[in-house]
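These numbers come from a predicted model, not from an experiment.
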Amino acid sequence: MDGACIELCESEEVITQMNAIGNKVNVSGSSADTVLWLWEHLVPVSGQCQTLQGEVIRVLELLAWEAQANGNLNWDASFDEMLVFLRRAFLSSDYPLAETFSIETRLTIEADINRLANFILPTELDSRIYSEEQPYIKDDLYDRLAGHLVNYCRSAPHLIPII
C-alpha cells in the first residue's frame with residue numbers, strides 16, 4: 001500500500017472507532033470511572049491510540065509502569081518522546097486542552113512533566129540519596145495529570161484524533 005492509502009485507512013479506522021463509541025468520552029461517574037472508560041475504549045492492546053484522550057492515558061500508564069516497576073532502568077528515547085507528546089497534548093496550541101486550563105494549572109502540568117523527565121537512574125545514584133533525584137514512583141502525579149485530562153473531557157467530551 002502507498003502512503004496515501006495507509007493514511008486513508010488509518011483515518012477511516014479512527015472514524016469507525018469514534019462512531020462505534022459515539023464520538024464522545026463517557027464522563028458519567030467518578031474520575032476513576034472516566035479513566036477506566038478511556039483505557040477500555042480507546043487504548044489498543046498494542047501500539048499507539050487513534051485519539052488524544054486514549055494516547056494520554058496510555059502514555060501516563062507506560063510512564064508510571066516504567067518508574068514503579070522498573071525504576072526507569074529501561075528508559076530510552078521512546079520514553080523521552082512520550083514526555084514530548086504529553087507536553088504537546090497538555091500545553092501546546094496543537095490540541096485544545098491548553099486553552100481550557102488556567103495559567104496555574106498549566107504551570108502545575110509543566111512542573112509534573114518536568115519531574116517525570118528529571119531523574120538519575122538508580123544505578124547512577126551515589127550514597128547521597130535524594131528522593132527528588134529518583135524516578136517518580138508515587139501515583140499522585142500520574143493521577144493528577146490524568147485528572148486534568150478528565151476535567152477537560154467533562155467540559156469537552158468529543159474525541160480528538162491524533163494529529
Side-chain angles (χ1 to χ4, degrees), residues 7 9-72 74-75 78-119 131 134-163:
E7 220 171 277
C9 291
E10 287 176 353
S11 65
E12 287 176 2
E13 182 180 320
V14 172
I15 291 167
T16 301
Q17 179 188 23
M18 292 173 140
N19 288 336
I21 57 177
N23 200 26
K24 287 186 177 182
V25 174
N26 181 351
V27 293
S28 62
S30 68
S31 292
D33 292 335
T34 301
V35 169
L36 181 61
W37 186 93
L38 291 167
W39 181 264
E40 290 178 345
H41 290 85
L42 301 179
V43 178
V45 173
S46 65
Q48 293 183 322
C49 299
Q50 302 295 320
T51 64
L52 177 72
Q53 295 93 329
E55 187 65 1
V56 167
I57 293 301
R58 185 185 81 86
V59 164
L60 288 173
E61 183 62 28
L62 287 171
L63 291 168
W65 176 259
E66 179 56 27
Q68 294 168 345
N70 301 319
N72 287 351
N74 298 317
W75 194 275
S78 68
F79 290 100
D80 291 326
E81 290 170 14
M82 290 178 204
L83 295 175
V84 169
F85 168 77
L86 287 179
R87 283 190 179 91
R88 186 173 168 229
F90 279 115
L91 302 171
S92 80
S93 60
D94 292 345
Y95 293 107
L97 278 70
E99 64 192 39
T100 65
F101 298 136
S102 68
I103 292 171
E104 181 179 313
T105 299
R106 281 183 275 175
L107 290 172
T108 299
I109 290 168
E110 185 173 21
D112 285 346
I113 295 170
N114 287 341
R115 176 59 186 95
L116 294 176
N118 296 313
F119 63 89
S131 62
Q134 296 176 352
Y136 200 86
I137 59 171
K138 296 178 188 172
D139 286 329
D140 65 330
L141 187 150
Y142 303 99
D143 291 345
R144 189 167 45 247
L145 289 169
H148 292 307
L149 176 65
V150 169
N151 289 339
Y152 171 80
C153 291
R154 291 192 191 290
S155 66
H158 290 284
L159 295 173
I160 303 166
I162 294 283
I163 52 173

Item to check | All ring-ring contact (aromatic ring centres under 6.0 Å, His included) counterparts of Phe79, not counting sequence neighbours | outcome: Trp75

To check you understand the geometry: which heavy-atom pair defines the closest contact between [X] and [Y], and what is its length?
| X | Y | result |
| --- | --- | --- |
| Gly47 | Pro44 | O-CG, 3.5 Å |
| Ala98 | Ser92 | CB-O, 3.7 Å |
| Ser31 | Val150 | OG-CG1, 3.7 Å |
| Ala67 | Ile137 | O-CG2, 3.4 Å |
| Ile160 | Gln53 | N-OE1, 3.0 Å |
| Leu97 | Ala89 | CB-O, 3.5 Å |

Any side-chain heavy atom of [X] sitting closer than 4.5 Å to one from [Y]?
| X | Y | value |
| --- | --- | --- |
| Leu145 | Leu149 | no |
| Ile162 | Phe85 | yes |
| Leu60 | Val35 | no |
| Ser30 | Asp33 | yes |
| Ile57 | Leu42 | no |
| Leu38 | Val25 | yes |
| Leu63 | Leu86 | yes |
| Tyr95 | Ile163 | yes |

Next on the checklist: Applying side-chain contact (heavy atoms from CB on, under 4.5 Å), can you list everything that pairs with Gln48, at least two apart in sequence or on another chain?
Outcome noted: Glu55, Arg58

Checklist entry - Looking at residues at least two apart in the chain, or sitting in another chain, which of them share a side-chain hydrogen bond (donor to acceptor under 3.5 Å, both in side chains) with Gln68? => result Asp139

Item to check | Test side-chain hydrogen bond (donor to acceptor under 3.5 Å, both in side chains) applied to Ser93 - qualifying residues, sequence neighbours left out | outcome: none

Next on the checklist: Using 0.5 Å steps for rounding, measure from the CG atom of Leu141 to the CG atom of Leu116.
Outcome noted: 5.0 Å

Checklist entry - With sequence neighbours left out, which residue pairs that include part of residues 100-119 fulfil the side chain to side chain donor-acceptor pair (under 3.5 Å) condition? => result Arg87-Asn114, Ser102-Thr105, Asp112-Arg144

Checklist entry - Please, which pairs that meet side chain to side chain donor-acceptor pair (under 3.5 Å) have at least one residue in residues 147-158, sequence neighbours excluded? => result none

Checklist entry - Does CG in Leu62 sit with more than 12 non-hydrogen atoms of other residues, nucleotides or ligands closer than 6.0 Å? => result yes

